[in-house]
Engineer: 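I'd like to ask you about the structure that follows.
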Amino acid sequence: KNALDILKKYSNIPASSIFSNLRVADSLGQGKTEIDIIIVSGWKIDCLMVRNWSGKITKDDSDQDKFTIEDEGKNTIKQFDNPIKEAQRMANLVRTYLNQSGIALKDYHTVGRLVLTNLELLDLSDGMQVFNDSSVIRDIETYAESYVNTWFWTFADPVIPSLLSGSISYSQLTDIHLALAKLGTFDVAFLTGGRKIIGDFVSNSSVHFSRSEVEEIEIEKVSLGII
């Protein structure tokens, strides 16, 4: 099962407070970043970056902000930016979007978490710096089962103001859910042979419709030249 299914099955988080594959604008507004999972609770907003990496992960000797994964089974070596910092960058983008939507949140209200779903992944960095980082989730099922449901605000909010408790207020939570519901996901075109095209639907020369009003289209035996 994937991380989203596990969260819904083993946690006490309301399904309406778990969002997946939402896209937010990058800091420069020149593109969009997809957030794998967003969990909204009374204390914070967890932004999960889910990765099913296999092999061995290490820090680059020449650049401590770079990481390398070597997968001997696939005979591949990949280098990428610090995934822990990348997860927090995504959380910062979510907070920026919500702030721009008129919801004033503090830095600590959005938290980036790196979820590593492959339990056979090895951390060869000094002192296992990746696995031992507090923001890294190695066992998503345990995380789901132990998630503290902080929906106390439904009865405590009138008594303890959010400014004193540090929590997210009732009205903010309502606005957060509405704002996140407005974010879109990538369009997916399913092709023969199990292939997929993932991106943004732009236009179609044969069929005219408003993308915002159509959730799904099915094409049979005809090439419509989708762009």
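Reckoned from all heavy atoms, side chains included, excluding hydrogens, waters and symmetry mates. In this text, all values refer to a predicted model and were calculated from it rather than measured experimentally.
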Engineer: Could you list the residues that satisfy side-chain hydrogen bond (donor to acceptor under 3.5 Å, both in side chains) with N82, not counting sequence neighbours?
Structural biologist: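 side-chain hydrogen bond (donor to acceptor under 3.5 Å, both in side chains) list for N82, sorted by chain: empty.
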Engineer: Is the distance between the ring centroids of W53 and F80 less than 6.0 Å?
Structural biologist: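 Yes, the ring centres sit under 6.0 Å apart.
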Engineer: Are L183 and I168 connected in the hydrophobic side-chain network, where two residues link if heavy atoms are under 4.5 Å apart?
Structural biologist: yes
Engineer: To the nearest 0.5 Å, what is the distance between CG on L105 and OG on S169?
Structural biologist: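 Spacing of CG (L105) from OG (S169) equals 9.0 Å.
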Engineer: Heavy atoms, side chains only, cut-off 4.5 Å: are V50 and I140 in contact?
Structural biologist: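 No, every pair of side-chain atoms sits at 4.5 Å or beyond.
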Engineer: Under a 4.5 Å side-chain heavy-atom rule over Ile, Leu, Val, Met, Phe, Trp and Tyr, are V111 and V130 clustered together?
Structural biologist: no
Engineer: Can you name the residues that form a side-chain hydrogen bond (donor to acceptor under 3.5 Å, both in side chains) with Q79, not counting sequence neighbours?
Structural biologist: D60
Engineer: If you look only at pairs with a residue in residues 79-106, which of them pass as a salt bridge (charged side-chain N to carboxylate O under 4.0 Å, His left out), with sequence neighbours excluded?
Structural biologist: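 Qualifying pairs, neighbours excluded: D26-R89, D65-K85, K66-D81, E86-R89, R95-D107.
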Engineer: Do L122 and F131 share a hydrophobic cluster (ILVMFWY, side-chain heavy atoms under 4.5 Å, transitive)?
Structural biologist: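 No; F131 is not reachable from L122 via cluster members.
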Engineer: Could you tell me which residues satisfy side-chain hydrogen bond (donor to acceptor under 3.5 Å, both in side chains) with D175, sequence neighbours excluded, listed by chain and number?
Structural biologist: none
Engineer: Given side chains that start at C-beta, do those of V115 and T117 come closer than 4.5 Å, heavy atoms only?
Structural biologist: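 Yes - at least one pair of side-chain heavy atoms lies under 4.5 Å apart.
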Engineer: Could you go through the side chain to side chain donor-acceptor pair (under 3.5 Å) check for Q88 and N92 one step at a time?
Structural biologist: CA-CA 6 Å; Q88 187 55 49; N92 293 341; 3.0 Å; yes
Engineer: Is there a path of hydrophobic side-chain contacts, each under 4.5 Å between heavy atoms of I/L/V/M/F/W/Y residues, joining I57 to M128?
Structural biologist: yes
Engineer: Distance check, rounded to the nearest 0.5 Å: I37 atom CD1 versus L4 atom CG?
Structural biologist: 5.0 Å
Engineer: Quick one: does any side-chain atom of Y147 pair with a main-chain N or O of L7 as donor and acceptor, under 3.5 Å?
Structural biologist: no
Engineer: Tell me, with the steps shown, if V40 and H177 meet side chain to side chain contact (heavy atoms under 4.5 Å, CB included).
Structural biologist: CA-CA 8 Å; V40 180; H177 281 77; 3.6 Å; yes
Engineer: Is there a side-chain contact between Y97 and K182 in this structure, where contact means two heavy atoms from C-beta onward sitting under 4.5 Å apart?
Structural biologist: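 Of all side-chain heavy-atom pairs linking K182 with Y97, at least one is under 4.5 Å.
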Engineer: Kindly indicate whether the side chain of D126, heavy atoms from C-beta on, has any atom under 4.5 Å from the side chain of K59.
Structural biologist: no
Engineer: According to salt bridge (charged side-chain N to carboxylate O under 4.0 Å, His left out), does anything in residues 135-146 pair up with another residue at least two apart or in another chain? List the pairs.
Structural biologist: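 Residue pairs with at least one partner in residues 135-146: there are none.
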Engineer: Could you tell me whether the side chain of Y143 reaches within less than 4.5 Å of the side chain of I6, counting heavy atoms only?
Structural biologist: no
Engineer: Working to the nearest 0.5 angstrom, can you tell me the gap between L121 CG and L116 CG?
Structural biologist: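 Nearest 0.5 Å value for the CG-CG distance: 6.0 Å.
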Engineer: For a side chain to side chain contact (heavy atoms under 4.5 Å, CB included) check, start with the C-alpha distance between T58 and E70, then their side-chain angles and the critical distance, and finish with the verdict.
Structural biologist: CA-CA 8 Å; T58 59; E70 180 179 359; over 6 Å; no
Engineer: Between atom OG of S17 and atom CG of L173, what is the distance when rounded to the nearest 0.5 Å?
Structural biologist: 8.0 Å
Engineer: If you look at every heavy atom in S135 and G112, which pair is closest and at what distance?
Structural biologist: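 In this case the closest contact between S135 and G112 is CB-O, 3.7 Å.
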Engineer: With F19 as reference, evaluate I38, V94, I39 under the side-chain contact (heavy atoms from CB on, under 4.5 Å) test and give the passing residue.
Structural biologist: I38
Engineer: Would you give the length of the straight line joining atom CG of D46 to atom CD1 of I35, rounded to the nearest 0.5 angstrom?
Structural biologist: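 Answer rounded to 0.5 Å: 12.5 Å.
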Engineer: Scan residues 109-123 for pairs that pass salt bridge (charged side-chain N to carboxylate O under 4.0 Å, His left out), counting only residues two or more places apart or in two chains.
Structural biologist: none
Engineer: When rounded to the nearest 0.5 angstrom, what is the spacing between CE in M90 and CG in L22?
Structural biologist: 12.5 Å
Engineer: Before you tell me yes or no, could you show the steps for D71 and S54 under side chain to side chain donor-acceptor pair (under 3.5 Å), namely the whole-Å CA-CA distance, both residues' side-chain angles and the distance that decides it to 0.1 Å?
Structural biologist: CA-CA 6 Å; D71 190 338; S54 59; 2.5 Å; yes
Engineer: Which atom names give the shortest non-hydrogen contact between A91 and C47, and what distance separates them?
Structural biologist: CA-SG, 3.8 Å
